[in-house]
Amino acid sequence: MIVVMHPQATPEQIKNVEERLTELGFKTHPIYGQEKTVIGAIGDKKSLSSEALVTFPGVEKVVPILKPYKLVSKELKQTKTTVRVGTVEIGSDEIVVMAGPCAVESVEQLISSAHRVKEAGAKILRGGAFKPRTSPYAFQGLEEEGLKMLSQAKEETGLPIVTEVVDPRDVGLVAQYADIIQIGARNMQNFRLLQEAGMAGKPILLKRGLSSTIEEWLMAAEYIMDTGNEQVILCERGIRTFETATRNTLDLSAVPVVQENSHLPVLVDPSHGTGSWKYVASMAKAALAAGADGLLIEVHPEPSRALCDGPQSLNPDKFKDLMEKLKPIAQAVGKRI
Ligand code: PEP
Ligand code: MN
C-alpha cells in the first residue's frame, strides 16, 4: 500500500509512520516528492487496517497498490526513475546507446570496438566476459581475463562498462569491474541471481526473458528492487514466437506498456531482437520512435570473425551511420542523442 502524507506533514510525523509500519513487519520505501512524501509499505496488510493508519498525524490517505509488483510500479512512484552512471543519465531526455561486441575476445578486439563506438556517440561499452551459450561446446567467454580487458578499455576511453553475470557465485567479481551488471534473458527468472546482483549495489540491466510476459519481467525487477537497489534498467530484447524469419520477435509494444506501468527506464536491444544486422537499423529507429530510453547494440570490428553473435553485429561504419540517422528521430520525440 501507499501511505500518502499531507503536504505539511513534518519529518517527525513521517518518521513515526515509518516506525509504526516497520514494527508491524512492513518494509518501507519513502519517496520524498516536491509537494508531498509518500511511503510505500510492502508487507502483509492483515496486520493493519488501513483506517488505523489514516488516524496517524500527518497521514492524508492510504491507497492499496493493485499491481503484483509494488516497488516497480507507477502506482507507487509516478516520476520517472533515472539511473546515473558516471556522467550518463539513463531515463532522461538523452537517449543512451550502449554498444560493443557480444563477447570480449581479445584486448585488440575490445579496445578497437570501444574507440569506434565512442567516436560514433555510444555512452556505455558492452561486452560479455561470461557468456550464457546454448551449447556447452561454444565459446563461454574469457571470464576474469575478459573483465580485466573491459577495465582497460574503460581506462582508455572513459566509457563505463555493462557486462553480464550468469552465476550468483560470480556477482562479487563482476561487480568489481562492471558499472552496470547485466542479467541476461536466460536468467531473468533466476531469483537467487537477481537477489545477489541486486545486493551488489550497482545498477542492473535486466533483460526480458525469452518467453516472459511483461508482468513476469516486472516481477523480476521487483526482486531486485526488494533488495533495496533502486537502480534498475529494463531491456526488451525480443521474445519467442512462431515466427522464424527473425531470431526473436522484437516486442516494441513492451516499451509503452512498461512506461504506463512502471517508472523504470526501458532500453531496446534490436541486435538480439532480430538476430540479423540487416534489421538492426530499422528496429533501432522504431524503438526510439516508440519512446525507448536507449538502445543496446552489438558492434564488432569484424563481424564475420566474431566468436559470438556475428550475424547480428554491426561493423563500426554501419554503427556510425545508424547513430547519425537516429538523431532526427530522437529530436522528433523530444529527446537528444
Ligand atoms: C547479450 O547481451 O549478449 C545476451 C546474451 O543477451 P540476451 O540475454 O538478451 O540473449
Ligand atoms: Mn549477444
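Side chains included, hydrogens not; waters and symmetry mates left out as well; all remaining heavy atoms used.
- By the 4.5 Å heavy-atom criterion applied to side chains, Pro101 and Glu298 are not counted as neighbours.
- In this structure, Glu60 pairs ionically with Lys36, as a charged nitrogen and a carboxylate oxygen lie closer than 4.0 Å.
- For the pair Glu230/Met225, a side-chain contact is recorded, criterion being any heavy-atom separation below 4.5 Å from C-beta on.
- Taking a 6.0 Å sphere around NZ of Lys320, one finds it holds 12 or fewer heavy atoms contributed by other residues, nucleotides or ligands.
- Around atom CD of Glu243, more than 12 heavy atoms belonging to other residues, nucleotides or ligands sit under 6.0 Å away.
- A donor-acceptor contact shorter than 3.5 Å links the side chain of Asp269 to the backbone of His272.
- Taking 4.5 Å as the limit, some side-chain heavy atom of Gln189 sits within range of a side-chain heavy atom of Glu216.
- Using a 4.5 Å cut-off on side-chain heavy atoms (C-beta onward), Met283 and Leu252 make contact.
- Between Ile180 and Ile204 the shortest side-chain heavy-atom distance does not fall below 4.5 Å.
- Around atom CZ of Arg240, no more than 12 heavy atoms belonging to other residues, nucleotides or ligands sit under 6.0 Å away.
- In this structure, the side chains of Leu71 and His29 come closer than 4.5 Å at one or more pairs of heavy atoms.
- No side-chain heavy atom of Val72 sits under 4.5 Å from any side-chain heavy atom of Val232.
- Heavy atoms of other residues, nucleotides or ligands lying less than 6.0 angstrom from NZ of Lys80 number more than 12.
- Counting heavy atoms from C-beta outward, Leu322 and Leu326 have side chains that approach closer than 4.5 Å.
- Gln13 places a side-chain N or O within 3.5 Å of a backbone atom of Thr10 that can act as its donor or acceptor partner.
- Atom CD of Gln331 is surrounded by 12 or fewer heavy atoms from other residues, nucleotides or ligands within 6.0 Å.
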